[in-house]
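Written out below as structure tokens is the structure these notes cover.
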Amino acid sequence: MITGAGGGIGLATAKRFAEAGAHLQLVDIDRKKLSLARSAITKNYKVDVEVFAVDLSRKDEIDSLWKKIEGKEPDTLVNNAGVYMFRDFLDIDEKFLGEMMRTNFESTFWMCQNFIKSRLKVGGVIINLGSIEAVMPFASGLSHYDVAKTSVLALTRALAREFGRKGFRINAVVPGGIETPGVKKLKKETAMKLRLDMIKLGMEFKSRLPLGRFGDPDEVATTILFLASDMASYITGALIPVDGGFLSA
């Protein structure tokens, strides 16, 4: 099961899992994107693909999803869904912070809880998506995002310790600057509106990258696939950067 599977890292991950022969349960809030994703995958790979349109910021919809798939729960869960929005710290209100935490952290919390409950006797694999911002905040206007993603990393390590002896491996991938459709859209808007502050931020970020470039969603997807496989059988509680060396620079 992959959340946020309609595009970007989620869709790239779905394609890599399909290539490896995995049957898929794809979750996204956007029905149209899910339909396109299913068509693209089934056209190229002989795997079963189920799609579920779910608002992961709502716990009732998450619980309903797990009731719907009772008896055919996945053995691997990839919590990729999230939103990336800039807002000045002094302008954040309770409503906005609540929305960001529900989407970027609480959704992962409740998905993990349902997954572990459903497989408590057999174990499974969870890969959560964090962010370099949770480890080393770089951009202004992302304090809400940083807090949510830091919580995801803490949850990952806590669950790995608590459920390791029950057969669960739980890790986090920590992406850096990845050329997702959302990032491309942000770059285009920044250029069109001549947002000099954002242009400066982008230049500073890229200049810090040891590899000198942004990453591709597939480069994150292959890491997720590795962590889900038996090749990573002795890895749990790990936070794996896929960041072009950003955190080491």
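Ile9 places a side-chain heavy atom less than 4.5 Å from the side chain of Thr13. With contacts defined as side-chain heavy-atom distances shorter than 4.5 Å, the pair Val83/Met100 qualifies. Between Phe168 and Arg119 there is a side-chain heavy-atom pair separated by less than 4.5 Å. In this structure, Asn79 and Ile126 have side chains that are in contact, with non-hydrogen atoms separated by less than 4.5 Å.
Taking Ser131 as the reference, nothing meets the side chain to side chain donor-acceptor pair (under 3.5 Å) condition, with sequence neighbours excluded. With sequence neighbours left out, Ala12 forms a side-chain contact (heavy atoms from CB on, under 4.5 Å) with Pro217, Ala221. Considering only residues two or more places apart in sequence or on other chains, Asp63 meets the salt bridge (Lys or Arg N to Asp or Glu O under 4.0 Å) condition with Lys59. The salt bridge (Lys or Arg N to Asp or Glu O under 4.0 Å) test applied to Arg31 returns no partner, not counting sequence neighbours. Residues satisfying the side-chain contact (heavy atoms from CB on, under 4.5 Å) criterion with Thr150, sequence neighbours excluded, are Ala134. Glu19 pairs by the salt bridge (Lys or Arg N to Asp or Glu O under 4.0 Å) definition with Arg16, not counting sequence neighbours. Residues meeting the side-chain contact (heavy atoms from CB on, under 4.5 Å) test with Lys72, sequence neighbours left out: Gln25, Glu50, Ile69. In this structure Lys95 satisfies the side-chain contact (heavy atoms from CB on, under 4.5 Å) test together with Asp93, Glu99, sequence neighbours excluded. Annotation: salt bridge (Lys or Arg N to Asp or Glu O under 4.0 Å) contacts of Arg213 (sequence neighbours excluded): Glu219.
For Phe105 against Ser151, the heavy-atom pair with the smallest separation is CD1-CB, 3.4 Å. Taking both residues in full, the closest heavy atoms of Val27 and Met1 are given as CG2-CG, 3.9 Å, listed atom of the first, atom of the second, then distance. In plain terms, the two heavy atoms of Ile41 and Ala18 that are nearest each other are CG2-CB, 3.6 Å.
Note on residues 201-211: pairs passing salt bridge (Lys or Arg N to Asp or Glu O under 4.0 Å), not counting sequence neighbours, are Lys200-Glu204. Applying the ring-ring contact (aromatic ring centres under 6.0 Å, His included) test to pairs two or more places apart or on separate chains, none has a residue in residues 43-68.
Judged by distance alone, the side chain of Ser107 and the main-chain N or O of Ser57 form no donor-acceptor pair under 3.5 Å.
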- Go through the steps for Met111 and Thr3 under the test side-chain contact (heavy atoms from CB on, under 4.5 Å), then give the verdict. CA-CA 9 Å; Met111 288 293 287; Thr3 70; 3.7 Å; yes

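Side-chain heavy atoms closer than 4.5 Å link hydrophobic residues (I, L, V, M, F, W, Y) into clusters, and following such links, possibly through other members, connects Ile240 to Val125.
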Under 3.5 Å, which donor-acceptor pairs do the side chains of residues 137-149 form with other protein atoms, sequence neighbours left out?
unit_1, atom_1, unit_2, atom_2, d
His144, NE2, Met85, O, 2.6
Lys149, NZ, Leu129, O, 2.9

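A side chain to side chain contact (heavy atoms under 4.5 Å, CB included) with Asp28 is found for one member of Val54, Leu34, Leu56 and no other, namely Leu34.
Ion pairing between a basic and an acidic side chain is recognised when a charged N comes within 4.0 Å of a carboxylate O; Lys32 and Asp30 show no such pairing.
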